[in-house]
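Before any comments, here is the structure.
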Amino acid sequence: MRTTFVTFLFVTFSTGGFSQNSLTTKTGSKMKLNAGIVTSKLEETKKFYTEQLGFGVTFQNEFYLLLHTPNKQAELSFLMPDHPSQQTLFQPAFTGRGVFLTIEVEKVDEWYQQLKRKGVEIKIDLRSEPWGDRHFAIQDPNGVGIDFVTYTQPEKQ
């Protein structure tokens, strides 16, 4: 359930469902989202997101990594499993299934070519869907699917 909720929030954030990294609630207070994945692959994850996708490091210590998108509109965190500083709820490692991220970009064809040139394995080739998505997908070192998408007009029926 938590995985589905986190995925929903991150997808909403990354696809423009929210225009900023902080929201204003009905009470007027601000809310900021930071989705997280528990993994022992902190260094591989850091290398992948920074070198392949252009993310920046907001914060890092021996058990936690906080990354931000190139435009700093969204953040994604990674936490070592079974770390004694964390409560039981945040200790089990992600098993590599059931989570995906959507990254909305202006020129998906350029991203596709760029990542192919870098040798990133493409899991779903670039394609246009009848509902308006033009997209392709890759996978991070933790097994998280990453769908790069540019939204276009749906096909007329």
Side-chain angles (χ1 to χ4, degrees), residues 2-81 83 85-87 89-91 93-94 96 98-124 126 129 132-152:
R2 181 176 187 274
T3 300
T4 303
F5 178 70
V6 169
T7 301
F8 165 75
L9 288 176
F10 192 83
V11 169
T12 301
F13 239 150
S14 64
T15 60
F18 305 125
S19 61
Q20 296 293 322
N21 198 4
S22 58
L23 318 169
T24 302
T25 64
K26 288 182 180 182
T27 62
S29 62
K30 291 199 175 193
M31 179 188 304
K32 182 178 178 183
L33 172 69
N34 173 342
I37 295 171
V38 180
T39 178
S40 60
K41 299 178 180 179
L42 292 185
E43 285 307 313
E44 300 99 307
T45 299
K46 177 182 172 183
K47 182 175 179 168
F48 178 82
Y49 281 90
T50 60
E51 293 180 12
Q52 306 300 346
L53 305 183
F55 279 49
V57 177
T58 303
F59 177 81
Q60 181 177 12
N61 64 20
E62 68 277 355
F63 65 91
Y64 181 77
L65 172 64
L66 178 61
L67 302 173
H68 59 265
T69 55
N71 60 9
K72 297 184 179 181
Q73 284 192 325
E75 292 178 317
L76 182 59
S77 64
F78 299 89
L79 177 67
M80 283 290 244
H83 198 273
S85 69
Q86 301 303 306
Q87 296 296 314
L89 177 64
F90 303 113
Q91 289 192 1
F94 172 65
V99 171
F100 69 93
L101 306 175
T102 299
I103 299 177
E104 183 180 351
V105 295
E106 289 181 15
K107 298 177 181 177
V108 73
D109 293 63
E110 289 179 15
W111 273 94
Y112 178 78
Q113 292 303 326
Q114 175 185 334
L115 291 175
K116 278 187 76 160
R117 279 192 302 273
K118 289 182 172 185
V120 174
E121 182 182 359
I122 306 297
K123 295 292 190 175
I124 299 173
L126 185 62
E129 304 290 359
D133 290 3
R134 180 150 176 82
H135 69 115
F136 70 95
I138 62 175
Q139 194 171 38
D140 86 357
N142 307 293
V144 175
I146 303 172
D147 190 35
F148 281 81
V149 64
T150 296
Y151 296 111
T152 62

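- Contact check for Glu51 versus Lys118: no side-chain heavy atoms found under the 4.5 Å cut-off.
- Within the 4.5 Å cutoff, the side chain of Val38 has no heavy atoms near those of the His83 side chain.
- Considering only residues two or more places apart in sequence or on other chains, Phe148 meets the ring pair (Phe, Tyr, Trp, His ring centres under 6.0 Å) condition with Trp111, Phe136.
- Side-chain contact check for Ile146 versus Phe100: every heavy-atom pair is 4.5 Å or farther apart.
- Nearest heavy-atom pair, Gln52 versus Leu115, reported as atom, atom and distance to 0.1 Å: O-CD2, 3.3 Å.
- For Lys41 and Asp140, the salt-bridge test fails: no basic side-chain N is under 4.0 Å from an acidic carboxylate O.
- For the atom pair CD of Glu62 and CG of Leu42, the computed distance is 10.0 Å after rounding to the nearest 0.5 Å.
- Using a 4.5 Å heavy-atom threshold, the side chains of Thr150 and Val105 count as touching.
- The side chain to side chain donor-acceptor pair (under 3.5 Å) search around Gln87 returns none, not counting sequence neighbours.
- Of all heavy-atom pairs spanning Phe94 and Asn142, the tightest one is CE2-O, 3.4 Å.
- Atom OG1 of Thr50 sits about 10.5 Å away from atom NE2 of His68, to the nearest 0.5 Å.
- For Lys46, the side chain to side chain donor-acceptor pair (under 3.5 Å) criterion is met by Gln60, not counting sequence neighbours.
- For the pair Gln139 and Phe48, the tightest heavy-atom approach, listed with the atom from each and the gap, is O-CZ, 3.8 Å.
- For the side chain to side chain donor-acceptor pair (under 3.5 Å) test, residues two or more places apart in sequence or in another chain that qualify with Ser77 are Asn34.
- Of all heavy-atom pairs spanning Ile122 and Ile124, the tightest one is CG2-O, 3.2 Å.
- Note that CG of Leu67 is 10.0 Å distant from CG of Leu53, once rounded to the nearest 0.5 Å.
- Not a single salt bridge (charged side-chain N to carboxylate O under 4.0 Å, His left out) links Glu106 to another residue, sequence neighbours left out.
- Put simply, the side chain of Arg117 reaches to within 4.5 Å of the side chain of Gln114, judged on heavy atoms.
- The two atoms that bring Leu76 and Phe78 nearest to each other are CD2-CZ, 3.5 Å, heavy atoms only.
- Looking at heavy atoms from C-beta onward, Ile138 lies out of side-chain contact with Glu121 at the 4.5 angstrom threshold.
- Across all their heavy atoms, Pro81 and Ser40 have their closest contact at CD-N, 3.5 Å.
- Summarising the geometry, atom CE belonging to Met80 is positioned 11.0 Å from atom OG belonging to Ser85; distances are rounded to the nearest 0.5 Å.
- Here the NZ atom belonging to Lys116 is positioned 6.0 Å from the CD atom belonging to Gln113, to the nearest 0.5 angstrom.
- Every residue two or more places apart in sequence or in another chain that forms a side chain to side chain donor-acceptor pair (under 3.5 Å) with Asp147 is listed here: His135.
- Note: Tyr64 OH to Gln86 CD = 9.0 Å, rounded to the nearest 0.5 Å.
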